[in-house]
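Single-structure report; data block below.
Every heavy atom of this structure was used, including side-chain atoms; hydrogens, water molecules and symmetry mates were not.
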Amino acid sequence: MGDEPAKSAAVAGRPGPELLRYTGIAAVTIAVVAGVVAGALQPRPAQRVATDRLGPDSGEPVAAYLARSRDSLRGTDSAPHWALLSAASGLDPASIPDLTGGLRVSQVLVHVPLDRVSTPDISVIVPADPAQAAAAEQVAAGHLLAELGPAGDTGHDPVLEPDPGVVRELSMYRVVAGRLRAGCACVVGLVVRGPLDRLRELAGRPGARAVQALPADAGAGNFSVVPLLPEQLDAVTPGPDDGPVPPG
């Protein structure tokens, strides 16, 4: 048990082995250290088994998860707890310090919604200074664009004959990176740490849809995080992925 989360964060998307060979993107790590971008996109390292989970289960009714989140904030102990704030709608990253009111922010969860196009959930590790959380979208955009490289600029690998499905994935990543770089209101969740009374206060603030806390003895890095997306209203299920990728 400790006070810091695992020093990695994944971009959870749908790309399979073909896209991995084509662009190198399947799962990536993004990190910000001491206010300076120090992470690099790389295959996800082996992870310890997560014994706890922040966020809804796949297929869980949203109402059930919201009730479960409220129940998790009951108690009178004063120990710090890891918790997930789920946003009611996409947040401007510049609003994070005011929203969290000085609570420790360890991860910023980002999701760029596109109509009828599945997009990845991106988690960016941030340092103890909450002001650094405001840079999370720029960090994510920069690393995605760097990883895409020439394919990200042209839409296909200049050597390989592109597969239409792969080109669609590349186009999606380019649009996601572009909107993050433009500063979209795309923050959907925050992993924070604080005592239950502060977390209950956070849950009542404008912009907060839910706050779910883990038990105080939950070990840092021993829990998984899955965001509740603002567009998930009835149940936690994937959205449609049959539409065209919009222009960047």
Side-chain angles (χ1 to χ4, degrees), residues 1-13 27-42 44-45 47-48 50-56 69 72 80-88 90-112 119-144 176 180 184-194 198-199 202-203 205 207-215 218-230:
M1 187 169 69
D3 290 335
E4 296 296 327
K7 295 298 184 182
S8 66
V11 173
V28 303
T29 296
I30 299 174
V32 183
V33 179
V36 178
V37 177
L41 295 186
Q42 57 190 20
R44 185 186 309 189
Q47 300 289 318
R48 289 177 290 175
T51 57
D52 290 298
R53 177 189 179 97
L54 283 172
S69 297
S72 74
H81 295 245
W82 291 108
L84 170 65
L85 178 146
S86 296
L91 299 172
D92 182 335
S95 70
I96 293 173
D98 287 339
L99 175 62
T100 54
L103 284 173
R104 166 75 167 99
V105 178
S106 68
Q107 293 183 42
V108 178
L109 307 175
V110 177
H111 180 85
V112 177
T119 58
D121 303 321
I122 304 172
S123 178
V124 181
I125 297 292
V126 296
D129 179 2
Q132 298 300 330
E137 289 190 352
Q138 297 303 314
V139 172
H143 280 299
L144 285 175
V176 166
L180 289 173
C184 63
C186 295
V187 174
V188 297
L190 301 168
V191 175
V192 300
R193 185 165 172 80
R198 294 286 306 282
L199 296 176
L202 178 64
R205 293 191 175 190
R209 185 181 185 188
V211 175
Q212 177 198 0
L214 291 176
N222 287 340
F223 56 87
S224 59
V225 182
V226 178
L228 174 65
L229 301 180

Can you name the one residue among Leu99, Thr100, Asp92 that meets side chain to side chain contact (heavy atoms under 4.5 Å, CB included) with Ile96? Thr100
For Pro230 and Gly90, which heavy atoms make the closest approach, and how far apart are they? CG-N, 4.1 Å
Should Val108 and Val139 count as side-chain neighbours, where that means a heavy-atom distance under 4.5 Å? no
Approximate separation, where rounding is to 0.5 Å, of Leu202 CG and Leu85 CG: 4.5 Å
Does Gln138 use its side chain to pair, donor to acceptor, with the backbone of Leu180 at less than 3.5 Å? yes
Which atom pair, heavy atoms only, marks the closest approach of His111 to Thr119? CE1-OG1, 3.0 Å
Check: Val112 and Cys184 side chains under 4.5 Å, non-hydrogen atoms: yes
Strictly distance-based, threshold 3.5 Å: is any side-chain N or O of Glu137 a donor or acceptor partner for the main-chain N or O of Cys186? yes
What closest approach, in Å, do Ala133 and Val126 show between heavy atoms, and which atom pair accounts for it? CA-CG1, 3.9 Å
So among Leu84, Leu54, Leu228, Leu229, which one has a side chain to side chain contact (heavy atoms under 4.5 Å, CB included) with Leu109? Leu84
So do the side chains of His81 and Leu214 get within less than 4.5 Å of each other, counting heavy atoms only? no
Taking it one step at a time, do Ser72 and Gln212 satisfy side chain to side chain donor-acceptor pair (under 3.5 Å)? CA-CA 6 Å; Ser72 74; Gln212 177 198 0; 5.8 Å; no
Determine whether Leu199 and Val192 make a side-chain contact, defined as any pair of heavy atoms from C-beta on separated by less than 4.5 Å. yes
Show the nearest heavy-atom pair for residues Leu103 and Arg198, with the distance to one decimal. CG-NH2, 3.7 Å
Do Ser106 and Arg193 have side chains that get closer than 4.5 Å, going by heavy atoms? no
What one should report as the nearest heavy-atom pair of Pro127 and Arg104 is O-NH1, 3.4 Å
What are the two closest non-hydrogen atoms of Arg53 and Phe223, and how far apart are they? N-CB, 4.3 Å
